[in-house]
Q: 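Next up is a structure, given as structure tokens.
In the text below, chain A, chain B and the rest are named by the order of the sequence lines, each starting its count at 1.
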Number of protein chains: 2
Amino acid sequence: MFVPSTLKDIASALGYSTSTISRALRDTYEISPETKKIIREYAQKINYRPNPIAQSLKERRSKSIGVIVAEVANHYFSQAINGIESIAYDRGYHVIITQTHESYEREKINIQHLASRSVDGLLISLSAETSDTSHLQDLHQKGLPMVFFDRVTEDIITHKVIADNEKGAFEATAHLIQKGYKRIAHLTSSAHLSISIERLDGYKKALAKHHIPFEEAYVKYCPHGGMFYQETENAIKELMNLREKPDAIFVAGDRLSIDCLMVFKNLNIKIPEDIAITGFSNSDVLDLMNPSLTSIRQPAFEMGQIATQMLLKVIESKYPVYDFEKKILDTSLFVR
Amino acid sequence: MFVPSTLKDIASALGYSTSTISRALRDTYEISPETKKIIREYAQKINYRPNPIAQSLKERRSKSIGVIVAEVANHYFSQAINGIESIAYDRGYHVIITQTHESYEREKINIQHLASRSVDGLLISLSAETSDTSHLQDLHQKGLPMVFFDRVTEDIITHKVIADNEKGAFEATAHLIQKGYKRIAHLTSSAHLSISIERLDGYKKALAKHHIPFEEAYVKYCPHGGMFYQETENAIKELMNLREKPDAIFVAGDRLSIDCLMVFKNLNIKIPEDIAITGFSNSDVLDLMNPSLTSIRQPAFEMGQIATQMLLKVIESKYPVYDFEKKILDTSLFVR
DNA sequence: TTGAAAGCGCTAACAT
DNA sequence: ATGTTAGCGCTTTCAA
């Protein structure tokens, strides 16, 4: 079995006390250089590593942060995770990634899991199904540091990092309008998600600016964020069965964009002859489509980095933090 | 600050000893039903959760497993991770995911990280750059349970789960041959990776069976597994500059397939007019291509599940395990 | 049926 | 400069 060596092992091997060993290895000033040398060389030789569990118990922190995202297969999230890791690893923190698969139940379980697992803080992007955040409010009130990114909630006062969803949606919609499309539909995730609300706003503003009336029937929601193919297909079918079929569609998310393309393929709807499409997506594979898709990109990597920096600041603060910030990052329109 | 309640808190609130509380909450037979009731109700009320770090220290296991993959953005790996989580969560284990981004250095750091973090076992898919596995052999000799999946090594005797790479490659290549292609190139990851070797074998066997001579010049390696665009582009360019240009290409991996399509797009190489392509991939987005790609799928989810079951069996075994198994799962050819 | 005490590996206050 | 001791939260042996 796997039995790593401990301070005690070194102590009895070398005839010192465990505290001397501990101090020598952490290079404190009280230990004589010769003793340090002996101890460090021996520790090196047997490849000693301090037991982080014992350290955590002692120091009452685990040097790990929990991440809650919808799914890692989504390029927006995988890029954000890379940003999170780039900061966390540098600062000596572990990253524990969990996926909700857009399920509220799963989100609750994961968060409970992480909290009981004594992570020092949480980086959260809410699931599509989540409208009630009381499971998070409890933890927040108890003082567990948390930072929201991408899909945020107003119910909890803490740091937040989002993209400029309204502007991104505005540009995407305006782009379609400039291309001459008149009947622009909008396919989005669940209605209560912050990103859905903001992107819908941008869509409406673009229509308004160009004097195109907003039609409720042109907006289709996927309460499960496109996790079920049928949900997306039904939404598209409803749009295509309208008396005045849309000639273009603005899709509000990464997963949804891909699902939408699959539906088009399966229903034999041609792009751009039958319908034009543009949407939020960080997937480079969309470039491969022919014709390739114009899309709105979020600075996912950077969002992950900033959220992590904010979280670590709260975690490592000596005093309770009351001053929180909502950082809004710019999106970019990739015209193709 | 976040200060959860402890056994001691309950003990002093209720006037029992901590051991009685501990026993009552874990429902041991010695405690009287009334006492249990009082204690459990109070624990419920204050929402008590045992500190898993203290439990780990005591029980000398962390109830967590570490996963090492190239990158979560790869659909093969994200599906395998879903399989891993499906088993691990059921059995009460946490999953800590780390990415190597195909870098040997990163792999060493991550594994060291996980081991020192006291995971109870490791699920490993080697990075493209890894040829020396001594960093793993050390841990293996010390008794840390590990199971390899997908990219395995012969250097370490333990459980392994792989797809039938040779058969898959054979079928993919044979499919191209049956379609009438004669000059079939092979784009693959680094030469020493188990999957590269097995897929190359399948490719060669299919050629041999159809009496097509094997040409060394038609095989191109990407030592960094396609993590750098330039690597892939150079490989493709070399192929396309050959006197006898290939008319088809069999690509050995998920990431590589997508990179390859990007290169084709950028170099304005048309599919299938200029070249036909088929390859290993679990990305459903490839279905969206027009014409869509014939591909070999691995049962990624199931591979993750089986690897996890194997690992937990070793972890939870009371006696050292000497009897190991290499499970080979079937691939499937998706003709489109 | 319950409690006291030891110990998991580590750190740090308090000796010496 | 080094050692002794207590304690982080929990489980478990031993004692009552």
Side-chain angles (χ1 to χ4, degrees), chain A residues 1-40 42-43 46-64 92 115-120 142, chain B residues 1-40 42-43 46-64 92 115-120 142-144:
Chain A
M1 296 292 95
F2 186 50
V3 183
S5 39
T6 68
L7 284 185
K8 212 200 247 174
D9 297 336
I10 305 183
S12 59
L14 260 39
Y16 287 101
S17 72
T18 58
S19 39
T20 301
I21 309 292
S22 172
R23 282 187 275 239
L25 292 176
R26 277 169 314 107
D27 208 13
T28 59
Y29 65 96
E30 313 124 285
I31 307 296
S32 78
E34 309 87 65
T35 313
K36 272 186 191 166
K37 189 156 173 287
I38 296 171
I39 293 176
R40 311 193 81 147
Y42 184 77
I46 65 165
N47 195 26
Y48 167 81
R49 307 279 156 191
N51 179 332
I53 292 185
Q55 281 175 322
S56 294
L57 183 61
K58 174 78 190 163
E59 284 159 34
R60 303 156 124 252
R61 58 181 171 67
S62 62
K63 278 267 186 178
S64 66
S116 87
R117 185 78 207 158
S118 308
V119 292
D120 297 337
K142 285 194 192 142
Chain B
M1 296 294 96
F2 186 52
V3 183
S5 40
T6 68
L7 284 186
K8 211 199 245 172
D9 297 335
I10 305 183
S12 59
L14 260 40
Y16 287 101
S17 73
T18 57
S19 33
T20 302
I21 309 291
S22 171
R23 281 189 275 241
L25 293 176
R26 273 167 320 103
D27 207 16
T28 58
Y29 64 96
E30 313 122 287
I31 307 295
S32 77
E34 306 88 67
T35 313
K36 272 187 190 167
K37 187 156 175 289
I38 297 170
I39 293 175
R40 311 193 80 147
Y42 183 78
I46 65 166
N47 195 26
Y48 167 81
R49 307 278 158 192
N51 179 331
I53 292 184
Q55 282 175 320
S56 293
L57 184 61
K58 175 77 190 159
E59 284 161 32
R60 303 157 124 257
R61 56 179 172 69
S62 61
K63 279 265 186 181
S64 66
S116 85
R117 187 77 206 159
S118 309
V119 293
D120 297 338
K142 283 194 192 144
L144 182 66

Q: Using whole Å, report how far CD1 of B:I38 lies from P of C:dT1.
A: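 Distance check: B:I38 CD1 to C:dT1 P gives 14 Å.
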Q: Look at B:R60 and C:dG9 and indicate whether a side-chain polar atom (N or O) is within less than 4.0 Å of OP1 or OP2.
A: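 For C:dG9, OP1/OP2 do have a side-chain N/O of B:R60 under 4.0 Å.
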Q: Does some side-chain heavy atom of B:L14 sit less than 4.5 Å from a side-chain heavy atom of B:T20?
A: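 No, side chains not in contact.
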Q: Ignoring backbone atoms, test whether A:S22 places a side-chain nitrogen or oxygen under 4.0 Å from the OP1 or OP2 oxygen of C:dT11.
A: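 Checking C:dT11 against A:S22, a side-chain N or O does come within under 4.0 Å of OP1 or OP2.
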Q: Would a 4.5 Å heavy-atom cut-off, applied to side chains only, mark A:N47 and B:K142 as touching?
A: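 SC-SC contact between A:N47 and B:K142 confirmed.
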Q: Please name the pair of heavy atoms, one in B:Y42 and one in B:A13, separated by the smallest distance, quoted to 0.1 Å.
A: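 What the structure gives for the nearest pair is OH-CB, 3.4 Å.
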Q: Which is true for A:S32 with a 4.0 Å heavy-atom rule: it touches a base, it touches only sugar-phosphate, or it touches nothing?
A: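 Result for A:S32 = sugar-phosphate.
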Q: Phosphate oxygens OP1/OP2 of C:dC10: is one of them under 4.0 Å from a side-chain N or O of A:Y48?
A: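 Yes, A:Y48 has a side-chain N/O under 4.0 Å of OP1/OP2 on C:dC10.
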Q: What nucleotide, of C:dT11, C:dT2, D:dC10, holds the atom closest to the side chain of B:I31?
A: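 For the B:I31 side chain, the nearest candidate turns out to be C:dT2.
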Q: Can you find an N or O donor on one side and an acceptor on the other, under 3.5 Å apart, linking the side chain of B:R23 with the base of D:dT13?
A: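 Side chain to base: pair present.
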Q: Under 4.0 Å between a side-chain N or O of B:K8 and OP1 or OP2 of D:dC8?
A: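 It does, given that an N or O in the side chain of B:K8 lies less than 4.0 Å from OP1 or OP2 of D:dC8.
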Q: How close or far is atom P of D:dT11 from atom CG of B:N51, stated in whole angstroms?
A: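 Computing the B:N51:CG to D:dT11:P distance gives 10 Å.
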Q: Please tell me which of the listed nucleotides, C:dT11, D:dA1, D:dC8, lies nearest to the side chain of A:R26?
A: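 Out of C:dT11, D:dA1, D:dC8, the nucleotide with an atom closest to A:R26's side chain is C:dT11.
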Q: Base, sugar-phosphate alone, or nothing: which one does A:S56 contact when heavy atoms must sit under 4.0 Å apart?
A: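 A:S56: no heavy atom of the nucleic acid under 4.0 Å.
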Q: Checking B:K36 side chain against B:R23 main chain: does a donor-acceptor pair fall under 3.5 Å?
A: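 The answer is no, because no donor-acceptor pair under 3.5 Å joins these two groups.
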Q: Could you give the NZ-to-C1' distance, from A:K58 to D:dT5, as a whole number of Å?
A: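 One finds 11 Å between C1' of D:dT5 and NZ of A:K58, rounded.
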Q: Check this one for me: any side-chain N or O of A:T20 less than 4.0 Å away from OP1 or OP2 of D:dA1?
A: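 Looking at the OP1 and OP2 atoms of D:dA1, neither is under 4.0 Å from any side-chain N or O of A:T20.
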Q: Quickly work out the A:I46 CD1 to C:dG9 P distance and round it to whole Å.
A: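 So the CD1-P distance, A:I46 to C:dG9, works out to 13 Å.
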Q: Take atom CD1 of B:I53 and atom P of D:dC8, then tell me their distance rounded to the nearest Å.
A: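 Going from B:I53 (CD1) to D:dC8 (P), I get 15 Å.
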Q: By nearest atom, which of the nucleotides C:dC10, D:dT2, C:dC8 is closest to the A:T6 side chain?
A: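 For A:T6, the side-chain atoms sit closest to C:dC10.
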Q: Rounded to whole Å, how long is the line connecting atom NZ of B:K36 with atom C1' of C:dT2?
A: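 Taking atom C1' of C:dT2 as the reference, NZ of B:K36 is at 13 Å.
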Q: Before giving the answer on side chain to side chain contact (heavy atoms under 4.5 Å, CB included), spell out for B:I10 and B:Y16 the whole-Å C-alpha distance, their side-chain angles and the decisive distance to 0.1 Å.
A: CA-CA 8 Å; B:I10 305 183; B:Y16 287 101; over 6 Å; no
Q: If you find the nucleotide of DNA chain C closest to A:E30 and the one closest to B:E30, which residue's nucleotide is nearer the 5' end?
A: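 Upstream on the strand: B:E30.
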Q: Between atom NZ in A:K63 and atom P in C:dT11, what is the gap in whole Å?
A: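 After rounding, the gap between these two atoms is 13 Å.
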Q: Rounded to whole Å, please give me the gap between CG in A:L7 and C1' in D:dG3.
A: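 Going from CG in A:L7 over to C1' in D:dG3 covers 14 Å.
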Q: If you go through the side-chain atoms of A:S19, does one of them form a donor-acceptor pair with the base of D:dT4 closer than 3.5 Å?
A: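 Counting by modelled atom types and ignoring angles, a donor-acceptor contact under 3.5 Å is found here.
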Q: When all nucleic acid strands are considered with a 4.0 Å heavy-atom cut-off, which category describes B:Q55: base, sugar-phosphate, or nothing?
A: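 Sugar-phosphate, no base atom in range.
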Q: List the steps, then state whether side chain to side chain contact (heavy atoms under 4.5 Å, CB included) holds for B:L25 with B:I21.
A: CA-CA 6 Å; B:L25 293 176; B:I21 309 291; 3.9 Å; yes
